[in-house]
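In what follows, a structure is listed as structure tokens, so that the remarks can point back to it.
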Amino acid sequence: MSKVTTSKISGVAVLTLDNAPVNGLGLALRTALNKAFRDAMEDAEVTAIVLIGAGRMFSAGADISEFGTPNSMKPPSLPEIINMIEAAERPIVAAIHGNALGGGLELALGCHYRVAQAGANLGLPEVSLGIIPGAGGTQRLPRVIAVERALDVIVSGKPLKAEKAKELGLVDFLADGDLVEAAVKFCGSLPEGNGALRPTRAREDNLGPAREKPDIFEGYRKSMARRARGLDAPYAAVECVESCLFKEFDDGLQFERDTFKRLVASDQSRALRHAFFVERAATKIDGLPKDTAKQNIEYAAVVGCGTMGVGIAMNFANAGIPVTVLETKDEFLQKGLGVIRKNYAASVAKGRISQDEMDGRMSLISGIADFNQLGEPDVVIEAVFEKMDVKKQLFNELDGLMPAKTILATNTSTLDVNEIASATGRPEKVIGTHFFSPANVMRLQENVRGYKTSDETISTIMALAKKLGKVGVLVGVCDGFVGNRMLHAYTRQANFLLEEGALPQEVDKAIFNFGFPMGPFAMGDLAGLDVGWLIRKARNKDKPNNLRYSPIADRICEKGRFGQKTSAGWYLYKEGSRAPVPDPEIEQLILDVSEELGFDRRAIGEQEIVERCIYTMINEGAKILTEGISQRPGDIDTVWLHGYGFPRQRGGPMFYADSVGLKQVYDVISTLYDKYGDWLEPAPLLRDLAEAGKGFGDL
Ligand code: 3H9
């Protein structure tokens, strides 16, 4: 069946793009559109053409999975089709609903007019894939809306709502009823003859004023330096928009096309496209049919009103789900509710939400200090102190009090979900929901399946993650699950680097330069050092001959230095500042430990720091895969991209390993193993893949 269907209404040809699920502009759709458009133009009775999308949206743009394949190069190309549409001698109208993104919006920009349904999204998100709009977006959008606004849309990648797009001039008419009807009626309102033609390439009105202020581009580059650190595409996008002011239209298009081709073949774009696809793949659970029954979550409860509980409760309110927070002491409850109110008020002050929205969300949150008042929640999320006996007792109590339908979830970051479930008579309804701090901001939700967790519970909690705007990744039970288990390996290695010769600021700088928002020591200070200290002490008590780790972190904690909250940890913090300042006292402590352990300190370069920290993490990831704790390498990447700030332009640790080559990773790990033994044993999976010349992507 053709990917474009044509119908005729009152002399207007309506061409419907029909390529589920998102009308991606792959070769088959391009071929069909090219033909349908030419056929319509040959029909002398056709007075105008409307382009519209079938299903949920107009179009999400180019078919990303086609990039780098022969089909992406086969004609007709999207730029050719758009040029043809723009040059048509009858008015062409795009009728937009759902999304017009990337190539989808570029197609609409080639049309003479745009009619959009209220609430539709119009955007050019290409930079988030490490590319720039490659079908005229950087040349046409600044001809339709003010150049500064076009820069915002192209460089941020964030879509505009149709209402805003109308205000800016990108949309000509907002439709609130039937879209086809509105678009056909719009065609009827246009003047007859050539007066109705409005090729975007000929629109110069916006360009003149911008040519008078060429420094907007320099200013823009400066203002985006922080958010675009280490990225190529946002800078290339600014350059293309700038070129549209000073080049002839066709030369500008060619410049954009060349830039697009260069970027689409880059490592950054490959990594960012990988991130796009693995995030979506993570929502699919092996062996769990798509139609597995799900419970509706209409009312939730959160036990514990500390930092995590507060953030988790906000997630529910943000998603429109009523939530009750429970604290044993009214004082803690009031404090927690106060923090929620303060967080929302800060969002209002920054213009992120309106006062009405804040009031609406606050009205969905209630607080109680008595279990018996919880009612009948569909899910209870426990976010209390990280101690097994406390959690088990709580789950036992909840099991007795809650109706049979209630899912009991734990926000533990390390503890055994099976043991927690064993304290209940409903282990099939017990699951881990590990949120990351601050839970109302961080997007990762590591969902931990116990041995007995039912398919229905998994399916419900994965769907809940989506509803809460989180990226849900299903993992299995082990110490630290996927994220923290790999984090422990990484930070343990970072500590060994200190014993051998590096200083915290040197390690942090190398990891920052690699692309993380901060290095392991600055991150430790931010998260608080006391939690890790408690965990290490508990572990050593249970298993006295546990894996060796450096004593430096414990000695810092023994001094009462727990990080930013005590204004001192690995670094010092001036009052009211979060900027880490290296501390000579800590440097001396590190030198003393090196001496005690018999290390002859040496200078350690950035490359060695990065290799040792990141490869150690990858080795642990390989063990996690073999143990079946994670379904696939892409899930591990997703955990690290959304929970720990792994640089997205490197695709996640497992993708990065493949791009470096597993032989290189294996060789470094083997050398470290010879030196340290025990936990650094190379994962057999890493060894096998490296020896076979394969990567994790081949699994
Ligand atoms: C571009 O246009 C380049 C041009 O400038 C130049 C060309 C020369 N391609 O996200 P969902 C799949 S670059 C291929 O779960 P939602 C997705 O993988 C493109 N596949 O739905 C998933 O597959 P599966 C610029 C795509 O409702 C399924 O569709 N455009 C594409 O939560 C459903 O997706 C973008 O960057 C695609 N373009 O969100 C937009 N888009 O079911 C990218 C989606 O097998 N897309 N898929 O897992 C999105 O942002 C979201 O998908 C969207 C819908 C908001 C549209």
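Just so you know, these numbers come straight off a predicted model, no measurement behind them. The analysis underlying the following values was restricted to heavy atoms, covering all of them including side chains, and did not include hydrogens, waters or symmetry mates. Both counts, for ligands and for their atoms, begin at 1 and track the order of listing.
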Give, for atom OG of Ser128 and atom CG of Leu272, the distance between the pair rounded to the nearest 0.5 Å.
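That separation rounds to 7.5 Å.
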Just how far is it from atom OG1 of Thr457 to atom CG of Asn447, taken to the nearest 0.5 Å?
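Going from the OG1 atom of Thr457 to the CG atom of Asn447 covers 11.5 Å.
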Please name all residues satisfying side-chain hydrogen bond (donor to acceptor under 3.5 Å, both in side chains) with Arg149, sequence neighbours left out, ordered by chain then number.
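Arg149: side-chain hydrogen bond (donor to acceptor under 3.5 Å, both in side chains) contacts with Asp152.
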Distances for all N or O pairs of ligand 1 and the protein under 3.5 Å?
residue  : atom   : partner : partner atom : Å
ligand 1 : 2 (O)  : Ala62   : N            : 2.9
ligand 1 : 2 (O)  : Gly103  : N            : 2.7
ligand 1 : 5 (O)  : Glu106  : OE1          : 2.6
ligand 1 : 5 (O)  : Glu126  : OE2          : 2.6
ligand 1 : 5 (O)  : Gly134  : N            : 3.0
ligand 1 : 9 (N)  : Ala62   : O            : 3.4
ligand 1 : 9 (N)  : Ile64   : N            : 2.9
ligand 1 : 10 (O) : Arg280  : NE           : 2.6
ligand 1 : 10 (O) : Arg280  : NH2          : 3.2
ligand 1 : 27 (O) : Arg56   : NH1          : 2.6
ligand 1 : 27 (O) : Arg56   : NH2          : 3.4
ligand 1 : 30 (N) : Ala60   : O            : 2.8
ligand 1 : 38 (N) : Ala60   : O            : 3.4
ligand 1 : 38 (N) : Ala62   : O            : 2.9
ligand 1 : 48 (O) : Lys284  : NZ           : 2.6

Not counting sequence neighbours, which residues clear ring pair (Phe, Tyr, Trp, His ring centres under 6.0 Å) with Phe316? List them please.
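With sequence neighbours excluded, Phe316 shows a ring pair (Phe, Tyr, Trp, His ring centres under 6.0 Å) to no residue whatsoever.
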Please find out if less than 6.0 Å separates the ring center of Phe655 from that of Phe696.
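Between Phe655 and Phe696, the centre distance exceeds or equals 6.0 Å.
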Tell me every residue that passes salt bridge (Lys or Arg N to Asp or Glu O under 4.0 Å) with Arg443, counting only those two or more places apart in sequence or in another chain.
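Per chain and number, Arg443 pairs via salt bridge (Lys or Arg N to Asp or Glu O under 4.0 Å) with no residue.
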